[in-house]
Every structure is written in C-alpha cells, then in structure tokens.
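Taking it in order: structure first as structure tokens, then the write-up.
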Amino acid sequence: MDKRLSTLAEAVSRIPDGATVMIGGFGGSGAPVELIHALIDHGARGLTVVNNNAGNGHVGLAALIEQGRVDKLICSFPRSADPQVFTEAYLAGKIQLELVPQGTLAERIRAGGAGIPAFYTPTGFGTDLAEGKPVEEFDGRSYVRERWLKADFALIKAELADSHGNLTYRMAARNFNPLMAMAAETTIVQATRIVELGGIDPEQVVTPGIFVSHVVEVADAAQEEMLNRAEAVYP
Amino acid sequence: MDKRLSTLAEAVSRIPDGATVMIGGFGGSGAPVELIHALIDHGARGLTVVNNNAGNGHVGLAALIEQGRVDKLICSFPRSADPQVFTEAYLAGKIQLELVPQGTLAERIRAGGAGIPAFYTPTGFGTDLAEGKPVEEFDGRSYVRERWLKADFALIKAELADSHGNLTYRMAARNFNPLMAMAAETTIVQATRIVELGGIDPEQVVTPGIFVSHVVEVADAAQEEMLNRAEAVYP
Amino acid sequence: MSDIQDIKLSNAQIAWRAAQDIEDGAYVNLGIGFPEMVARFQPEGRQAIFHTENGVLDFGKAPEKGEEDWDCINAGKKAITIKPGTAFFHHADSFAMVRGGHLDVAILGAYEVAQSGDLANWSTGKGGVPAVGGAMDLVHGAKRVAVLTDHVTKTGGPKLVEACTLPLTGVGCVTRVYTSLAVVDIEDGHFVLREKIPAISLDELQAVTGARLHLDGAVGELIAPEELA
Amino acid sequence: MSDIQDIKLSNAQIAWRAAQDIEDGAYVNLGIGFPEMVARFQPEGRQAIFHTENGVLDFGKAPEKGEEDWDCINAGKKAITIKPGTAFFHHADSFAMVRGGHLDVAILGAYEVAQSGDLANWSTGKGGVPAVGGAMDLVHGAKRVAVLTDHVTKTGGPKLVEACTLPLTGVGCVTRVYTSLAVVDIEDGHFVLREKIPAISLDELQAVTGARLHLDGAVGELIAPEELA
C-alpha cells in the first residue's frame, strides 16, 4: 500500500499507444510538465489528450503535440499566448479537435469520476457545440444532454502527497487536477513534496488517495510559464 | 458585504410556512441543532425537510417533527437509535416520506447547486425506488434518470466562517453540509467560530462564500448525540 | 444431516472467510452491522483501506468508551478515530467514490440473494418505516459486491433463491456470497459452489438452498478458525 | 451626424457605465479582455466579489511585475493575487457556481447581440482554430448576463442585430448591452433603449443599430467621466 514510485519514467511506462490521457492544468498553472516530458521520452503515440488548452510554446503539452504523439485533443480553449504548435498541426489536419465548453468539460470529467454516464446542462443549447446531442426540457427550460468523459490515464500535478496518494494543490493550480484524478483508470501524480503518512491534515486533503495510483516526487517542478519565458524547447 | 448576523432568531426569521428546508448533518454529526431550535421558536409550519435521517430523541430535527412543523421529509435513512418521533408521525400518516438512496440524495442536492436539472445513475435501477422514473441505457448498462433537488433555505453547521461566508467543517461533520449550502436560495450557517477575513487559508476553504447568505456564531454548539444521551427535550 | 444450527459457521467465522479474499491495498466498504466484523480479520501483511459513506476514508478503530468524538463517526453512526492517512470529504465526493467504481469491494448483508445476482437487503416489504441508506448505491458502484449471510433464515427457509421475493436493492449486482455453510459465486445467472463446510454434504447443502448449486471443478473445504466459533 | 468615432465612449467609459449597475456584495464574472476593465470602476462604498473560471473567488489585483506567482492566475492566464477572503476550488465547483445561478452578473464581450437576447461572441465562423472557454457556461449561468461592446463593428456595421449571423454562444441570454453609444435592455424579444450619449440623436442611433430600438419611458443621458475618454 505504498503508491510512491522513484522515477517519472517508471510512472508513465505503461501508457500504451492509443491511450486516452487526461492532463491537469489550466494554461501553465497545475500543468504536470515533468510527467508530460516523461511521456514524450516514453514514446507513446496516437494519444487522445484531454486538457483545457492546447499547450503553449514548445514544452509540456505543446511539445507532446509537436512530437506528433497526439491524434486528438479534447479541450475548451486551444488558443493562448503562443499556441503555434497546436495551430499548425490543426490547420494541417494532423490533429483532431473536440471543442467542449469549459464548464461542460469539467462536469463531463467529474461525471466520469462519479459514475454518472450522462447529465443535462443549459450550456451550449442552441449552439453548434450541441449539434446532434439530445435536448430535453425541464421546468420550461431547454437543456443539452452531455456524456461522461473518462480516461485510461491521468497526469496530475499536486503540491503535497503522502504514500497513500492523498493530495493537496497549490493555489489555482488545483483547477482540473482533482477532477481528472477521479476520472482515469490509472492516475499518476507528480507532487512537489511527498510527506509522511499523516503529514496532511485529514480535513485538508483535496484528493483522497482512493483516486490515485502512483505518486512521484518532483521537488523542483518547472512552471510552464517560466519555461516559455525562457523560450525552452523539449526535448 | 458582511454576512454576519448576531442572533439565530434573526437568521431564521424569514423562513415562511411551506418552505423547503435542507438541514445538514448525518445523524448528529454536523447537525445544526441550534439553528433547528431557532426554527422551532420561529414557528414556521408545513415544511418540507431534506436531511439524510429523520432525527433522534427529542431535539433537533426530531423536535421539529415532534412539534408538527414538518409535512414532508426527503431522506435516505429514517431509522436510528431512537427515531420514535418520526416513526410515530409516519405511522399515524402525519408526515410524508420520500425515500431516496443516500448517494442519489447527495447527487441530487449537488445537481441542484450545480445547475444540472437531471442526471443518470445506476443506483436504484430495477427497484421500487426507481418506479416511474425514466430509464436509459448507456454502453449496455441501464440507468435511472434523477432530478435535481433545491431548497428555499439550508441550515448548515460549520466549524470556521468568515464575514464573507467562507466555511470549513470539522471532521466527518462535513457530510451533506457543503452540498446543501450550494442548493438553497438562502443558506444560513451556524459556525463554531467566526474568524476575521483572511483567517481561513484560501486553499482550505471548503464552502466558498458565494454559497452562503448568513453566518451566526454559536460557539458552544451542542452535539445532538450528547443531548440525546442526556435525554434532552426541546423546547 | 446434523442440525444446521450446530455445524454452521458463526458470523465472525463468515466475516473471517470474507476477509481472506480482500487483497492488500484494496478499498473496501463494509455494510453496517455484521459486515463490519470483516475489518477485524485482515490477514497478516495485508492492509485494506476502509471507506464509510458519510465521508471518511482510511479511518482508525473505535475509540475507548468516553473518548468518542461524535463529529468522527461511521455510516452506522458509531464513533471512529482518525489515523495517519485518514481523509474527510463531503457526501457527493463520498458517493463519487462509490458510484464511480473506485471501491474494490463492498460487503453487505442480505435478506435474499438470487442466482441472477439480484439482492434484497433493505426492506422486508412489511410496512413500518422504510430506510435504504447507501445500499442501493454500493451494489452498483463497487468493482466487486459480496454478501455475508446466514445460509438460511431464522425459520430455516432459503436465503439463496431462484428469484427474490422481497423488494430489490439491486439487479444482478452480487458476485459472491459468503454464508454460514458455503462460499457461492454467481456466474451467468447460476449459483456456483466454491467451498462448503466439511460437516455438510452436497445434497444437504442443496436441500437448504433455494436454487440449484452448480459445480465448476472441485469444491473447497470451508474451514474457519475455531476460536471464532 | 458627427463621426461616431469622435463621439463614442471609450472602452474604459463603457466599462465604467457597466460598473455603476453592480450592486454592493454582488458576485461577478468578467470576461477576458475588455470586460475585465469593469473591476477598476467599482463605485465608492460598494464591494463586488470577482469570480474567475479557473477556481478563484474574491481575488486581489494584479501583482507587481516580477512578483507574479504563476500558480495564481485568472481565466485570462494573467497573474492575480490573493487577499483576505480569497478561496480556491476546482473547476467543477467553479462551474457549479456559474451554472448553478450563484453569480449575480456575468459581463462579456460580443461580436453580435440579437434583439432576442441571443449572443455570438466565440467564433467568427471563418475557420482558424475555434475556442470557446467558459463563455457558453457563463451566459446560461449568471442571474444577469450583460454585454460590453462597441455599438458598431470596425467597418461600421451593426453589432446589435435582428438575428445573429455568427455562431451562437447562447440563446436568449443577454438582458442588457452597454455600448459605446447607448445602454440597451433586451425585453420580450425587443431592444429597449435606456440611455444614449447626448451627442447622438435617436434617429442617428437607430441608423447604426441593426434592429428597432423601442422606447419605454424617458431615455437617460449616458455620460461617463471624461478622464476615461
């Protein structure tokens, strides 16, 4: 019952070609950059990636796309300060895009984690993004039916972790991370610090260990924003 | 922008006859006993109450029922060590019961708070509790469609609160409280301690203030379990 | 045949047997009452993590009398304690764990279990005050749903039946039944006998079972520690 | 008529006008870009609480350059700060606030607003990379959805129209539009003119509006602080 692994390489080693991988973060905050880089090194291809964005610069998710590993991206906002990598791949027809409203994306992932196969939302009703989806009226208002979203793997960035996988997050780096941790068959976490069991107050656990498969300490985790300001490129 | 009130009486004074009131707690843990007693004093009748249980002994929710204020109870488990008050009222036909599986109850309340009018769950499929509810198959498995649950008022017990209504909860007293806080038009909180703004670490807020209408400090809040062991009766 | 009352396993022995199937690191929810006994019998070297519906994962044992903190209770409203690794969360997250398939095992009691895997354990259908709690969520959530039960009712009637007569808790959800006489799997709409206590013959066991017991290879001997009798 | 470019309000002035309608204690989400300016103009004595989609409520102003913490950003990925009262939460909770009707006001930009309240603000329909973010959630979540926009497009075409021609963000969701020339409510499928800048006549305003402007009582004078021009 010790979920700690010593290397990122080991943590991502079982991600096969064609896997669906959720990657936490909103822009650079909460993005598990080192795990993504380990996934690049690992070499899996043909991935479907779920992330709010489409990467920035030439590190993290952008690098994964640049290396040609992503067949499909499910996201809400594939634009950013420097989304050149995704934009080029998309306009060249090399990557599919499923565009999902941000709140619907969050709720679909939460539903995947919570065993709710479908739910109704007012979001998107009457728009192109609801095309083909069932519509139902409740109490005189129209709603779109959306399906859960699950993944084979989730790559998560946490602040504190213990050996059972209990997690906390730093500030707004929380974002999609706790949701994706729930919605994947295998949830792999990079934590800035692994503390002893009991080192996280039980009331302050944000992601209980039941949602976590593996934990790796990455003490000096990079901020994607800082990498991009330094014009870093991976690999 | 100061949500603090000085008395419980003031906090519950606008609850009208016939209101739907969610009451936090699981058994006695997290039960806002003083708020319930203030509601008894206030005198509103014909209430629909949402709670996981049906009260215990002759205090709190049991007392509210004993005083004849509750027309209908929506709950998952109206049995306990001493549910005599509810049992008698129910068998005498004086109170209606809508029995809901516990997880469905929690999810319906969360859906109410999250603007999800309906969702599908495997829970209850093929049972008496799903009678009359739409059934749909997703990926070869059958699910029951459940509706959101909202309330006019929620009575919540928190540990810490600040003047903006940010809340924390003590141990397992959390249970339904954060969900009900989201699902009511007016959310009234009794907190064991009101701290200055900034006195709760932003990462440790469990219920953000946006879900809270009024906060009252009840420093010496009673534990329902202790009251019942002392055979207390209210009023 | 000896009187079943004399040869049958005690509740503790049934719980002990169920505990042997719980793997190291498994996340487990134990129903209120008799199933809670399973926690006592974790095999040496294995550590299960227990979940309780009201929002606690990995809790510790019951406190000493007088040391109870009534904000720290389990789904049965009994006082528990925290230990290193405990996490608290709200009810929606708790049932996300249940419904979302994150629990490895849920172990519940039963009034009746059908060969289809249907379970009836929440209502005797006799009026009174109905109460369901989290049972209906648990039976459709955990990866494996097992039942602990006496093999027969107090009046000697079968609890393993062709079809449930009492109101259902869930449809086709149970995969293994630990009884006071046997371990029975449910596969493809059949009861498959895996183990039985040595003191009862196959025919005798079949006679107190409400549906046909199929065999699939050897039937193991169900022997539990005598000190638990 | 004077050239509209000479008489129209600046973006800051439009944002100022919108800010005057935000009540004390209101929970507000401001769209990325131009709408963010609204936060600067909270009237004296009123305190709005700002929400950002990526999970922060009641955040502080932008940090000094060089003091940014890139774990503390807003939906526009700009650095923000915490202050007493700030709360962090995950994305599902954040959009529960949005979708669940807990925000008092959402203020967004627009390509087109129709007299039905339909809004188009996410796609020019011209190809390229589409991106929607949280706009579709916000327009169906907040109790009041307002739009800030220039009254006409860069080429002088109307942005307040009978029916949107661009892909919709939401159907019948906008109730008030703050433009560079006027304040217009949407009621029962009509534009109702509430205020206009003194420098433009009713006829001139109608001429640059793509649907009929209805009147309902007096039209107020829309006068914003000159120093914001």
Side-chain angles (χ1 to χ4, degrees), chain A residues 26-30 52-54 56 75-81 83 86-87 90-91 97 99-107 109-111 113-114 121-130 141-143 159 169-180 182 206-207 223-226 229, chain D residues 32 52-57 59 68-82 86-101 116 118-120 122-123 125 127-141 164 166-173:
Chain A
F26 179 87
S29 70
N52 186 64
N53 303 98
N56 218 347
C75 83
S76 91
F77 206 80
R79 286 204 294 254
S80 59
F86 173 80
T87 302
Y90 178 74
L91 297 179
L97 172 65
L99 194 70
V100 182
Q102 196 172 140
T104 298
L105 183 64
E107 191 66 15
I109 296 167
R110 193 237 168 223
T121 173
T123 301
F125 170 72
T127 75
D128 294 354
L129 296 190
R141 194 170 169 197
S142 295
Y143 295 86
E159 177 68 4
Y169 302 90
R170 189 164 176 274
M171 307 179 91
R174 189 179 304 195
N175 56 63
F176 282 91
N177 278 300
L179 309 175
M180 291 179 170
M182 295 168 65
V206 176
T207 293
Q223 253 294 349
E224 192 188 277
E225 181 75 24
M226 299 310 285
R229 283 169 182 238
Chain D
I32 296 175
T52 186
E53 295 97 298
N54 55 312
V56 196
L57 192 68
F59 49 91
E68 300 92 345
D69 182 329
W70 296 106
D71 282 345
C72 193
I73 61 175
N74 66 12
K77 278 109 182 173
K78 293 202 196 91
I80 54 175
T81 54
I82 64 168
T86 300
F88 293 112
F89 36 87
H90 63 49
H91 249 86
D93 281 350
S94 182
F95 281 88
M97 293 176 193
V98 172
R99 201 191 304 101
S116 58
D118 290 2
L119 173 67
W122 73 280
S123 166
V129 176
V132 65
M136 285 192 184
D137 306 280
L138 283 161
V139 297
H140 285 303
C164 293
L166 294 173
L168 293 185
T169 305
V171 173
C173 51

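Chain letters run A, B, ... following the sequence lines, proteins first and then strands; every chain starts at 1.
Between chain D and the options A:R79, A:E107, A:R110, heavy-atom pairs under 4.5 Å are most frequent for A:R79. When A:G103, A:S29, A:A106 are compared by the number of non-hydrogen pairs under 4.5 Å with chain D, A:G103 comes out ahead. Contact count versus chain A (heavy atoms, under 4.5 Å) is highest, among D:G170, D:A92, D:G133, D:G134, for D:G133. Interface summary for chain A: among D:P167, D:P130, D:C173, D:C72, the most heavy-atom pairs under 4.5 angstrom belong to D:P130.
In plain terms, the two heavy atoms of A:P101 and D:M136 that are nearest each other are CG-SD, 3.9 Å. Nearest approach of D:D69 to A:M171, heavy atoms of both residues: OD2-SD, 3.6 Å. The two atoms that bring D:V132 and A:V100 nearest to each other are CG1-O, 3.8 Å, heavy atoms only. Nearest heavy atom pair, residue D:R99 against residue A:T104, reads NH2-N, 4.3 Å.
Not counting sequence neighbours, the partners of A:R229 by the salt bridge (Lys or Arg N to Asp or Glu O under 4.0 Å) test are A:E225. Take A:F86 and apply the ring pair (Phe, Tyr, Trp, His ring centres under 6.0 Å) test, not counting sequence neighbours, and it matches A:Y90.
At a 4.5 Å heavy-atom cutoff, A:L105 makes no contact with chain D through either its backbone or its side chain. Using a 4.5 Å cut-off between heavy atoms, A:N52 touches chain D through its side chain atoms alone. Within the 4.5 angstrom heavy-atom criterion, no atom of D:L138 approaches chain A. For D:V56, the part lying under 4.5 angstrom from a heavy atom of chain A is the side chain only. With a threshold of 4.5 angstrom between heavy atoms, D:T169 approaches chain A through N, CA, C or O but not through any side-chain atom. For A:V206, no part sits under 4.5 Å from any heavy atom of chain D, backbone or side chain. Heavy atoms closer than 4.5 Å to chain D are found in the side chain of A:P178, but not in its backbone. Using a 4.5 Å cut-off between heavy atoms, D:D118 makes no contact with chain A at all.
Between A:Q223 and D:E68, every side-chain heavy-atom pair lies at or beyond the 4.5 Å cut-off. Put simply, the side chain of A:N56 does not reach to within 4.5 Å of the side chain of D:K77, judged on heavy atoms. When side chains are defined from C-beta on, D:F95 does not count as touching A:T121, because their heavy atoms never get closer than 4.5 Å.
For an aromatic pair to be called close, the ring centres must be under 6.0 Å apart, and A:F26 with D:H91 satisfies this.
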